[in-house]
Colleague: 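Below: one structure in structure tokens.
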Amino acid sequence: MTILPVIIFSFCIILCIAIVMLVSKFISYGKKETSPKLIQRPPSIPLRKNISIQFYLSTIFFLFWMNWLLFFLLPWMFVYQKNGLSRLTTISLIFISSFFIVGYILASLKTYKQKDET
Amino acid sequence: MIAPICFMVLKSLLIIFYVLVLVGVMLFIEQWATRFFSRGHYNHSTVNPLLVFFKLLAKEPPLSAKIPDHLLLKMTPALNFFFAFLPTIVIPWSDPFILFGTESQSEVFTTSFGVLFFFAFSSLAILTVLWAGWLTQKEIPTLSAMRAAYREISCKIPLLMIVFSMILYYRSSDFHQIILIQEKTTWGLFKQPLAAFIFFIALMAEIGKPPFDTAENSFELNGAYLAEYTGTQRLFLFLAEQVNTLIFTVVFIHFFLGGYQALPGLDQLVTSYPQSLFLVQGLSLFIKMAVLIVLYTALKFSFAKFRHNDLMFFGQNRLLPLSFINLLVVIVGQYYKEFGHFF
């Protein structure tokens, strides 16, 4: 029950985002959506190969994961939840933590793949 | 079970609407202040934000063939908005009040560790800024997004040191307790002026207000990492920035300016008409917020912009040692207060 307000609030924000996107779609209805193949952007400055995006992305990702762990998860688990965590809270916390791990892996893979192609 | 959940959903939607209305009013005040302080150089209308809102809503974002992931490109601004809005869940807007016959807290998630929760969740939005910059596959947006992240890291650490010192000083990480202590004694601004000064400077760097907005540089680089976005994508990124400004300003008010407590003169209204508690406290909070927004704009037209390396040097070599000194002083003071001696 502890984390239920967070989940409900998250769904409410997602609902607001969906409403705004629907309204925007409705307002611009009738305009022909251009397919990705038709737009040929003029030549632009591409990313330089020596910018190690993967390094920066992964470092910052890790830093903010540690920030999350230090300032919320650990104090909550060890100081406030003296009687142990409920199952829903544990699952929610594992889900939120794994979001970072999965995001880090995906970001690393995408950057690696992009590097290969360039 | 269903009734409390419905009540929670209704309260969440009301608070989201309240925050968005406050953001709108805050933008009007900022536009007025910009016209006032720019000495005639900025001639946009005061209702410019409203016109921009409708324009962005009606625009159709183009799709480029070179973007690696179109789904992530569409999702990232919405994710940025989501993570910017999430910390509002623990911010109190007034004392507990009566809603539909039951006493209700003004925040959605009532905890005793609201401060920790707020600063943990507020760190997440910068990740989506990084993604937003990188997904454009262009140099300027990517570099500017990385600069925004570095700026945030270098100024967030002094901010968090000040937060720790305030938690130690007030002996609580609950916003309501902190505001109650200020009501009984004086505002935190008079008790911890150095902490207030460092927090204010770090806050301006955190939310990217001039003179700390080198990464965005709206006028010179057309918003840098925002440059490749338009339509609802840009709207979400823009709104996320404004919501971030609002919630950090409110946190500063809660720590140092007495929070939502009624200003002198208005507190008599609460004793005469107890039903007007939410309105009077909301009005007091709004007046304090308006003063701070006018102050941001005044500082924008008073100082030259920081260069990126100068900003990081300032954050790491000036603000950080000062914040550590403040923390040390608070620790020593609290130890002496608790035990009455040092050895």
Side-chain angles (χ1 to χ4, degrees), chain A residues 1-6 8-18 20-21 23-25 27-28 31-41 44-48 51 53 56-57 60-61 63-65 67-73 75-76 79-80 99-100 103 106-107 110-111 113-114 117, chain B residues 4-5 8-9 11-13 15-17 20 54 56-60 62-70 72 74 78 81-82 85-86 88-89 108-113 116-117 119-121 123-124 126-127 130-131 134 137-140 142-143 146 149-150 153 156 160 173 231-232 235-236:
Chain A
M1 278 299 283
T2 323
I3 206 143
L4 192 61
V6 182
I8 289 174
F9 193 78
S10 308
F11 277 119
C12 291
I13 302 171
I14 292 167
L15 181 70
C16 294
I17 291 169
V20 169
M21 288 176 112
V23 166
S24 169
K25 202 81 180 169
I27 290 171
S28 60
K31 291 182 195 173
K32 188 180 168 189
E33 194 165 308
T34 325
S35 72
K37 293 172 194 170
L38 292 178
I39 292 183
Q40 294 298 330
R41 306 291 291 272
S44 56
I45 305 167
L47 282 177
R48 279 182 287 187
I51 295 173
I53 301 289
Y56 289 127
L57 270 178
I60 290 166
F61 224 118
L63 275 171
F64 281 96
W65 183 34
N67 188 18
W68 162 263
L69 275 178
L70 280 169
F71 295 122
F72 175 63
L73 206 63
W76 193 15
V79 176
Y80 295 102
F99 168 76
F100 289 99
L106 279 176
K110 273 208 177 298
T111 330
K113 193 182 162 188
Q114 186 71 18
E117 283 169 8
Chain B
I5 291 176
M8 242 185 265
V9 169
K11 199 159 86 164
S12 303
L13 290 170
I15 285 176
I16 291 171
F17 179 71
L20 288 173
F54 285 119
L56 289 174
L57 213 55
K59 265 190 164 186
E60 182 196 350
L63 297 171
S64 170
K66 290 193 178 180
I67 302 296
D69 195 331
H70 288 284
L72 206 55
K74 286 177 185 172
F81 180 77
F82 175 80
F85 230 104
L86 209 50
T88 57
I89 203 172
V108 179
F109 187 31
T110 311
T111 71
S112 55
F113 51 91
L116 290 173
F117 194 100
F119 284 100
F121 273 112
S123 315
L124 300 175
I126 196 64
L127 292 169
L130 270 174
W131 294 343
W134 179 77
Q137 294 293 295
K138 298 238 172 40
E139 209 172 60
I140 289 174
T142 311
L143 283 172
M146 288 200 300
Y150 285 134
I153 291 171
K156 192 150 198 130
L160 289 170
S173 58
T232 45
L235 180 67
F236 284 133

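Chain A is the first sequence line, chain B the second, and so forth, proteins listed ahead of strands; every chain is numbered from 1. The structure displayed is predicted, hence computed values, not measured ones.
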Colleague: Please enumerate all residues that pass side chain to side chain contact (heavy atoms under 4.5 Å, CB included) together with A/Leu15, with sequence neighbours excluded.
Modeller: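 If we apply the side chain to side chain contact (heavy atoms under 4.5 Å, CB included) test to A/Leu15, skipping adjacent residues, the hits are A/Ile19, B/Leu13.
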Colleague: Does some side-chain heavy atom of B/Phe117 sit less than 4.5 Å from a side-chain heavy atom of A/Val6?
Modeller: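 Answer yes - side chains close enough.
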Colleague: Hey, which of B/Ile89, B/Thr110, B/Leu235 has the most heavy atom pairs under 4.5 Å with chain A?
Modeller: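 Most pairs with chain A among the choices: B/Ile89.
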Colleague: ring-ring contact (aromatic ring centres under 6.0 Å, His included) with A/Phe9: which residues, sequence neighbours excluded?
Modeller: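 For A/Phe9, no residue satisfies ring-ring contact (aromatic ring centres under 6.0 Å, His included) once neighbours in sequence are set aside.
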Colleague: Please find the pair of heavy atoms, one from B/Val9 and one from A/Cys12, that lie closest to each other, and give the distance.
Modeller: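 What the structure gives for the nearest pair is O-SG, 4.0 Å.
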Colleague: State, with a plain yes or no, whether a side-chain heavy atom of B/Ile5 is found less than 4.5 Å away from one of A/Leu4.
Modeller: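 The answer is yes, as the side chains (C-beta and beyond) meet within the 4.5 Å cut-off.
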Colleague: Which atoms of A/Cys16 are under 4.5 Å from chain B, going by heavy atoms: the side chain, the backbone, both sets, or neither?
Modeller: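 The side chain, not the backbone.
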Colleague: Where do A/Pro5 and B/Phe109 come nearest, in terms of heavy atoms and distance?
Modeller: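 Closest pair (atom of A/Pro5, atom of B/Phe109, distance): CG-CD1, 3.9 Å.
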Colleague: Pick one of side chain, backbone, both or neither for B/Phe236, based on which atoms fall under 4.5 Å of a heavy atom in chain A.
Modeller: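 The side chain, not the backbone.
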Colleague: Please state whether the side chain, the backbone, both or neither of B/Leu20 comes within less than 4.5 Å of a heavy atom of chain A.
Modeller: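 Interface part for B/Leu20: neither.
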